[in-house]
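Step one of this worksheet: look at the structure below.
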Amino acid sequence: MAMVGQKLSLPFISRVRILQRSLLGKLLTLGFDLKVEAQLDAVTLEIIKNSEIEGETLNGEQMRSLVARYLGLDSASMPTTTHEIDAVVEMILSATYYYQQPVVR
């Protein structure tokens, strides 16, 4: 019975993969850097969730704006941030990207 289901779903899965590749191609031609966007989303979410664990609620838009700035993305249309958010983003990004370097006191 499982083989019948697999045979029936294979054409749909193939069609979805074709459409997915087409969409990715269109995004790339529009100038979207998918790796950077994914990195922006992942780092922003990590910072927000870590702060929630510590009992802090941070503004998601401000957080995304600052992470975008740190990653070199255009953030002119994004909201301004606070010094607290600056410090949290700097700490998380340093821990993420420079974890192999010795800690300087």
| task | Apply side-chain contact (heavy atoms from CB on, under 4.5 Å) to I18 and list each qualifying residue two or more places apart in sequence or on a separate chain. | result | R15, R21
| query | Same cluster or not: are L45 and L40 linked, directly or through other Ile, Leu, Val, Met, Phe, Trp or Tyr residues, by side-chain heavy atoms under 4.5 angstrom apart? | reply | no
| request: Show your reasoning for whether side chain to side chain contact (heavy atoms under 4.5 Å, CB included) applies to L66 and Y70. | output: CA-CA 6 Å; L66 188 58; Y70 271 91; 3.6 Å; yes
| task | Go through the steps for D41 and R64 under the test side chain to side chain contact (heavy atoms under 4.5 Å, CB included), then give the verdict. | result | CA-CA 8 Å; D41 291 340; R64 185 174 171 81; 2.4 Å; yes
| Gap separating the CG atom of L58 from the CD1 atom of I47, nearest 0.5 angstrom | 8.5 Å
| note | Those residues at least two apart in sequence (or on a different chain) that pass side-chain contact (heavy atoms from CB on, under 4.5 Å) with I48 are T44, E52, M63
| task | List for me each residue that meets salt bridge (Lys or Arg N to Asp or Glu O under 4.0 Å) alongside E90, sequence neighbours excluded, and say none if there are none. | result | none
| How long is the span from the CG atom in N59 to the OG atom in S51, to the nearest 0.5 Å? | 11.5 Å
